[in-house]
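Heads up, the thing below is written out as structure tokens.
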Amino acid sequence: MKTLMLGNDALARGLYESGVAVASSYPGTPSTEITESLAKFNEVYSEWAPNEKVALEAAFGASLGGRRAFCGMKHVGLNVAADPLFTISYTGVRAGLVIAVADDPGMHSSQNEQDSRHYAVAAKLPMLEPADSDECYEFAKYAYTLSETYDTPVLLRICTRVAHSQSIVDTHERVLPELIPYKKDIAKYVMMPGNAKRRHPYVENRTDMLRQLAETFPLNKIERGTGNSSVGVICSGTVYQYVKEVFGDTVSVLKLGLVNPLPEALIRTFADGVNELFVIEELDPVIEAHVKSLGISCHGKDYFPLCGELSQNLISRTLASHAEPRAGIAAVAAPVIDAEIPPRPPVMCAGCPHRGMFYSLMKNNITVLGDIGCYTLGAAAPLAAIDTTICMGASVSGLHGFIHAQGNEAAERAVCVIGDSTFMHSGVTGLINIAYNGGASTVIILDNSITGMTGHQQNPTTGLNIKGDPAGKIDLEALCHAVGISRVRVVDPYNIAECDAAVTEEIAAPEPSVIISRRPCALLKTVKPKPPLAVNPDKCKKCGSCMKIGCPAVSMKNGAAEIDKTLCVGCAVCTQLCKFDAFEEVGA
Amino acid sequence: MRSESVKKEFAARNIMIVGVGGQGSLLASRLLGRLLMNAGYDVKVSEVHGMSQRGGSVVTYVRCGERVYSPIIDEGGADFIVSFELLEAARWLSYLAPGGRIITNTQKIDPMPVITGAAEYPRELIERMRAAGAEVDALDALSLAAEAGSPKSVNIVLMGRLSRYFDLPEAEWLRALEETVPPRTLEANKNAFSLGR
């Protein structure tokens, strides 16, 4: 059946039809929908694990248990899962194991733009890279065959433009392979030095075999140009689409579906057939370095940027100035408007429970080590309440070091903030470090009862599983107490005075403390908005105090405060800033 | 059955849907994608998820033709820009192709720099877009959506207006609408579509 599918949904469909039985992942844009989509199939056991390392280990366990398994994550998630990744490369698999990793060139929703292909090279694993939804679907099936034929986990790399683009896919029925019975095999699966020493040569030999496969692999293909052009382009993934968009069939293209290991003879054959060779790839020159290592000269990063996404215009412009034919899209005279267009950065939503706590921290001039989630937006003006954002969990561990560098005085003016899901992911280990090694750190858990930024996924603190069914619920207070923190308190972030009191008391306390700032995300369907507030124009003194919280529902129109009633959810944080009681409930 | 002449008319259509995160651009793009696939074209729809959805400037690309490669539209490439908010139409103006058309909601939503007073919301944007050479079809989609029974149906009002410029029967649009929107909102969305059209 032909359907228009998101790349992530198509990938899930390909996994499903291949008979995947267990999927364990942690959400992360742009990878989240793969596992969400799998969770809709009742035949597949799917779960959100607390983090990517746990997820990959669970997926490996499922493979060991004889069923096809899957683990999905964003590029930075693979850093977290790197520890098991490098060693399951040695053990290999029992049933097929596929790991999808979604890179984010252009950083639409990420803190860096690392290129995951380096992991395939470093961990010596095959990596496939589809270029659209149909290929996501098809490559998922190839991935399981490769995994079982070559006894290896297989990486499937996608990028934002593949993950979040829809194109047409022809779907089929699911085929469930037989369960592979478990067989004890200490030499293969117990990676202590004596065994690992014997497995390493196996890995090298496997890479050689995969390299031979790459020469004739059907997903690596040469498309000879139909025109007179002597230009050849080597590319993969979404870059292939841009190249075809610019040149159609006029130039020769070597499209690589297997991006690790790379072929040698195939590249030589392709290069011999063209006069000018370009390697066009997003982010790092991985293919280019390989081509040059074969002694073949080519152009790549000397012309194309290392940073950001490519596009058809960028490729067309670049090649037009460097190559024959000077083809491509003619320069277009784009309309230019005679006006300054102010930027529209993302903001915390109206009614966001993080806002009250951030206002309190800003007002009290506190240094705030931040983390990864919606609350990273607390760094934006006018709150500008966050000092650092590095990676999942880094706020808690970072605060500990910060305080030990600066002494007790720092403890009285610094805190960290971390969301409920991020705390479960890797914040709790930082808290254990604080409890164990001491120091007067104040950790604020911004508990909005959901994984927010990635689009509302359940997590271990919500009491629901990936399907929305009842599940185990981690009690944050009990957990903090259990690791040895005695000062644990809960505040309502809609109440600024309560936040102020908790923050000032806990930073002054000479021992570690945890403040749980708890209120569910205002966008959750279970949260019923209150009626919007209105400004009483007779009471508004136009002082602008209410503008300090950066609420998108409150603005100054003609000098006076005004509430956008389509956005306001009646959280009443603004009323606590107004000395003149100008904000009123409608009908009051 | 789609006639050859219609097919020719549609040889390549690039539509950008722009607006503010939360305004429903994903649903509109999925409606368009479904419509064009039903009509027999190769289709690509490129969406934005994640951080920029939180009240930021969002853009979705919808492309159709005999064979579509790139999922994105570049500067100077859009036959239509459908904008859910006036400032966003102006922001993405350079993406309009020569002879392209802007369909924009006249609703204004202040971005944070305007809310905080760091910047001003520019005036006379419709006139200025026209002065830059763009065909502009502006309508108060928010009022029409309210009239249709749901202020959230701004996206479908604008799809109704876009449908004026497509050589496809209204029944095809309504079929795609039925296949895309949740059943409980179908009536309001059908109203919104006809008020926009």
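The chains referred to below are lettered A, B, ... by the order of the sequence lines, with proteins before strands, and numbering in each begins at 1. This one's a predicted model, so the numbers in the text were calculated from it and none came from an experiment.
Using modelled atom types, one finds no donor on one side chain facing an acceptor on the other under 3.5 Å when comparing A/T238 with A/R161. Using a 3.5 Å distance cut-off with no hydrogens or angles, the side chains of B/Q23 and B/E85 do not pair a donor with an acceptor. Side chain to side chain, A/S109 and A/T29 fail the donor-acceptor criterion of an N or O pair below 3.5 Å. A side-chain donor-acceptor contact under 3.5 Å links A/D9 and A/S37. For the residue pair A/S165 / B/Y61, no side-chain donor-acceptor distance below 3.5 Å is found, with atom types taken as modelled.
Chosen from B/R123, B/M129, B/R67, B/E88, the residue pairing most often with chain A at heavy-atom distances under 4.5 Å is B/E88. Your options are A/C349, A/G455, A/G550, and the one with the most heavy-atom pairs under 4.5 Å with chain B is A/G550. Note on A/I337, A/L6, A/V162: by heavy-atom pairs under 4.5 Å with chain B, the leading option is A/I337. Of the listed residues A/M556, A/M348, A/E33, the one with more heavy-atom pairs under 4.5 angstrom with chain B than any other is A/E33. Ranked by heavy-atom pairs shorter than 4.5 Å toward chain A, the options B/I73, B/V62, B/T60, B/I109 are led by B/I109. Chain A forms the most heavy-atom pairs under 4.5 Å with one residue out of B/G133, B/A119, B/P113, and that residue is B/P113.
Looking at A/P30, there are no atoms closer than 4.5 Å to chain B (heavy atoms on both sides), in backbone or side chain. With a threshold of 4.5 angstrom between heavy atoms, B/A90 approaches chain A through its backbone and through its side chain. For A/L523, the part sitting under 4.5 Å from any heavy atom of chain B is the side chain, from C-beta outward, and nothing else. Proximity to chain A is absent for every atom of B/E124, based on heavy atoms less than 4.5 angstrom apart. Contact of A/C551 with chain B is made through the backbone alone, with heavy-atom distances under 4.5 Å. Heavy-atom distances place both the backbone and the side chain of A/A339 under 4.5 Å from chain B. The part of A/K2 that comes within reach of chain B is its backbone (N, CA, C, O), which places non-hydrogen atoms under 4.5 angstrom from that chain. With a threshold of 4.5 angstrom between heavy atoms, A/E309 does not approach chain B through any atom at all. Heavy atoms closer than 4.5 Å to chain A are found in the side chain of B/V114, but not in its backbone. Interface remark: A/V243 contributes no atoms to any contact with chain B (heavy atom separation under 4.5 Å). Residue contact with chain B, scored on non-hydrogen atoms closer than 4.5 Å, is absent for A/D564.
Ion pairing of A/E223 with A/K244 is present here, as a side-chain N (NZ or NE/NH1/NH2) and a carboxylate O approach within less than 4.0 Å.
Relative ring orientation between B/F80 and B/Y165 is described as tilted, the plane-to-plane angle lying within the 30° to 60° band.
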**OP:** Could you go through the side chain to side chain donor-acceptor pair (under 3.5 Å) check for A/K74 and A/S110 one step at a time?
**Re:** CA-CA 9 Å; A/K74 69 181 294 175; A/S110 303; 2.9 Å; yes

Subject >> Check against side chain to side chain donor-acceptor pair (under 3.5 Å), A/T160 and A/D104 >> reply: CA-CA 5 Å; A/T160 303; A/D104 190 17; 2.6 Å; yes

**OP:** For salt bridge (Lys or Arg N to Asp or Glu O under 4.0 Å), just list the numbers for B/E170 and B/R197, CA-CA rounded to whole Å, side-chain angles, deciding distance to a tenth of an Å, and then say yes or no.
**Re:** CA-CA 9 Å; B/E170 186 170 359; B/R197 189 171 165 97; 3.5 Å; yes

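Evaluated for a side-chain hydrogen bond (donor to acceptor under 3.5 Å, both in side chains) with B/S70, the options A/Q241, A/Q312, A/E245 yield exactly one hit, A/Q312.
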